[in-house]
Amino acid sequence: MKYKLGDFVRFVDEKMEGHITRIIDEEMIGVTTEDDFEIPVLARKVTLVHGYKAPGTEIATETNEPQTPQGEFKTKGIYLGVVPDTKVNSVVHFNLINYTSFQLLIALTTEKQAFKGEYAGIVAPQSAVKIYSAQLADLQLWPKLVLNILYYTTQNFEAPSPLTITEKFKAKDFAGSKKDLPVLNQQGWLIQLDEPDFVIDAEQLKESFYKPAEEKVVVTKPSREVDLHIEKLRDDYQFINSTEILKIQLDYFNKALDAAIVHQLNDIVFIHGAGNGTLRNEIHRSLGKHPKVQTFMDALKEKFGYGATRVVLK
């Protein structure tokens with residue numbers, strides 16, 4: 001298979017083009033066109049369109065090592081930066097970010113029933129290279145990544161021991177918010193591969209045993225309008241199934257309602273969206289039997305349609 005996820009291709013027999021968003025097998029691929037519809041097609045029925053470069057695909061060809069002043073030589077800072085494709089959000093690219101002053105020789109192998117070499121090359125200091133791509137929707141099917149890293153420098157610094165990192169990603173690995181990635185200057189998820197050894201501070205450990213429990217819980221005053229759309233509550237919503245999404249939304253609703261009661265608000269609006277009505281029905285069922293709720297109604301139909309509920313408290 002000569003194609004990779006994120007490649008921009010044109011159909012041979014039709015006037016269509018799009019990005020590869022799925023590798024089905026050795027002969028079939030999935031191509032998503034500009035209308036966001038994925039079309040299965042034989043790989044021989046498309047041709048690569050040159051010119052489009054996904055994030056992290058440009059590789060520095062200069063291998064001469066820059067001479068770093070003694071006091072500025074960085075020995076730590078090897079990261080895996082995961083960024084969504086700029087054209088196809090369902091595809092993510094894994095970038096090896098070398099923020100150190102060493103040259104790195106890296107090799108990536110995937111393991112899923114069988115081993116497959118995915119990438120091998122040199123990453124210059126203060127640079128990054130794309131080493132793998134994957135479909136977000138297939139997160140549970142991603143193979144195990146095995147990454148081997150060797151350090152090299154011509155300067156008078158001892159090279160650390162080689163790194164071998166084996167990683168099987170799960171949804172929780174992407175639960176945190178995106179951040180600015182070094183070198184790439186893009187937003188994405190950042191995973192440090194050469195983290196310092198964890199050292200237990202005996203004094204801090206002793207203090208934790210004697211630290212008194214909190215005497216009271218501080219309840220933050222909620223906004224007058226609480227948005228329950230899952231993308232407003234969690235950054236990893238792409239990886240959560242519908243049952244868990246509903247639970248998260250209802251938990252947030254209950255906490256916001258309790259906070260409104262604690263702060264003695266007269267009313268509060270919950271924006272739940274129209275959708276299939278499941279969340280709205282669950283909220284209305286809960287409000288109908290709540291002892292602190294005076295009444296509730298559709299809120300500002302001209303603004304929210306049937307996608308929000310105003311709750312009047314006693």
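Computed from a prediction, not measured in an experiment: that's the story for all the values here.
Here the closest non-hydrogen pair linking Ser286 and Asn254 is OG-OD1, 4.0 Å. Here the closest non-hydrogen pair linking Met16 and Ile39 is CE-CD1, 3.9 Å. Between Pro143 and Lys112, the shortest heavy-atom contact is CB-CB, 3.7 Å. Shown here for Asn241 and Glu244, the closest heavy-atom pair between the two residues is OD1-N, 2.8 Å. Closest non-hydrogen pair, Tyr151 versus Ser161, comes out as CE1-O, 3.5 Å.
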ask   = side-chain contact (heavy atoms from CB on, under 4.5 Å) between Val183 and Leu181: does it pass, once the steps are laid out?
value = CA-CA 7 Å; Val183 180; Leu181 304 184; over 6 Å; no

inquiry  = Under the criterion side-chain contact (heavy atoms from CB on, under 4.5 Å), I'd like the reasoning laid out for Val293 against Leu313: C-alpha separation, chi angles, the key distance, then a yes or no.
reply    = CA-CA 5 Å; Val293 173; Leu313 302 171; 4.2 Å; yes

query = Would Ile245 and Arg234 count as a side-chain contact (heavy atoms from CB on, under 4.5 Å) if you check the C-alpha gap in whole Å, the side-chain angles of each, and the deciding distance to 0.1 Å?
reply = CA-CA 9 Å; Ile245 286 176; Arg234 293 280 292 266; over 6 Å; no

request  = Show your reasoning for whether side-chain contact (heavy atoms from CB on, under 4.5 Å) applies to Tyr99 and Gln126.
outcome  = CA-CA 5 Å; Tyr99 200 58; Gln126 304 293 311; 3.4 Å; yes

Ring pair (Phe, Tyr, Trp, His ring centres under 6.0 Å) evaluation trace for Phe157 with Phe102 = CA-CA 9 Å; Phe157 289 92; Phe102 290 104; 7.3 Å; no

key: Verdict with reasoning, Arg280 to Asp298, per salt bridge (charged side-chain N to carboxylate O under 4.0 Å, His left out)   = CA-CA 10 Å; Arg280 178 178 183 271; Asp298 292 321; 3.1 Å; yes

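With hydrogens and angles ignored, the 3.5 Å screen pairs a side-chain donor or acceptor of Asn95 with a backbone N or O of Gly81. Of the possible donor and acceptor atoms, none in the side chain of Lys247 sits under 3.5 Å from a partner among the backbone N and O of Ser242. Side chain of Gln249 to main chain of Leu228: a donor-acceptor pair is present (N/O by atom type, distance under 3.5 Å, no hydrogens or angles). Using modelled atom types, one side-chain atom of Lys314 and one backbone atom of Pro291 make a donor-acceptor pair closer than 3.5 Å. Listed for the Lys168 side chain is a donor-acceptor partner under 3.5 Å among the backbone atoms of Trp142. Ser101 places no side-chain N or O within 3.5 Å of a backbone atom of Phe73 that could act as its donor or acceptor partner. In terms of modelled atom types and a separation under 3.5 Å, the side chain of Arg22 and the main chain of Pro40 share no donor-acceptor contact.
In this structure, Lys178 satisfies the cation-pi test against Trp189, with its NZ or CZ atom closer than 6.0 Å to the six-membered ring centre and inside 45 degrees of the ring normal. Both the sub-6.0 Å distance and the 45° axial angle are not jointly satisfied by Lys45 relative to the ring of Phe11.
Here the rule is side-chain contact (heavy atoms from CB on, under 4.5 Å) with Phe253, and of Leu279, Leu287, Val226 only Leu287 fits it. Each of Ile106, Leu163, Ile97, Ile165 was scored for a side-chain contact (heavy atoms from CB on, under 4.5 Å) with Ile78, with one residue passing: Leu163.
Tracing side-chain contacts under 4.5 Å through hydrophobic residues (I, L, V, M, F, W, Y), one never reaches Val269 starting from Val312; they form parts of separate clusters. Hydrophobic clustering, with ILVMFWY side chains joined whenever heavy atoms are under 4.5 angstrom apart, groups Ile24 together with Leu42. Hydrophobic clustering (ILVMFWY, side-chain heavy atoms < 4.5 Å, transitive): Leu257 and Leu233 are in one cluster. Taken together through direct or relayed side-chain contacts under 4.5 Å among Ile, Leu, Val, Met, Phe, Trp and Tyr, Val41 and Val12 form parts of separate hydrophobic clusters. The hydrophobic cluster containing Phe296 also contains Tyr252, counting ILVMFWY residues as joined when their side-chain heavy atoms lie under 4.5 angstrom apart, directly or transitively.
The shortest side-chain heavy-atom distance between Thr220 and His263 does not fall under the 4.5 Å cut-off. The closest side-chain heavy-atom distance from Ile268 to Pro222 is below 4.5 Å. Tyr132 is not listed as a side-chain neighbour of His93, based on a closest heavy-atom distance of 4.5 Å or more. No side-chain heavy atom of Thr164 sits less than 4.5 Å from a side-chain heavy atom of Leu147. Taking the side chain as every heavy atom from C-beta outward, Val311 and Ile283 never approach each other to under 4.5 Å. His290 has its side chain within reach of Ile261: a pair of non-hydrogen atoms, C-beta onward, lies under 4.5 Å apart. Proximity of Thr100 to Pro125: side-chain heavy atoms (C-beta onward) are nowhere separated by under 4.5 Å. For the pair Ile131/Leu145, no side-chain contact is recorded, criterion being any heavy-atom separation below 4.5 Å from C-beta on.
Within the model, atoms CD1 of Ile20 and CG of Asp7 stand 5.0 Å from one another, a figure rounded to the nearest 0.5 Å. In this structure, Tyr119 OH and Thr109 OG1 are separated by 13.5 Å, a value rounded to the nearest 0.5 Å. Rounded to the nearest 0.5 Å, atoms OG1 (Thr75) and CD (Glu158) are 11.0 Å apart. Of the inter-residue distances, the one linking Asp267 atom CG with Arg310 atom CZ reads 4.5 Å to the nearest 0.5 angstrom. Interatomic distance, Gln113 CD to Lys144 NZ, rounded to the nearest 0.5 Å: 12.5 Å.
Between the side chains of Ser127 and Asn98, no donor-acceptor pair is found at a separation under 3.5 Å.
Heavy atoms of other residues, nucleotides or ligands lying less than 6.0 angstrom from CD of Glu231 number more than 12.
Relative ring orientation between His272 and His284 is described as perpendicular, the plane-to-plane angle rising above 60° on a 0-90° scale split at 30° and 60°. In this pair, His19 and Phe8 present their aromatic rings tilted. The plane angle is within the 30 to 60° band.
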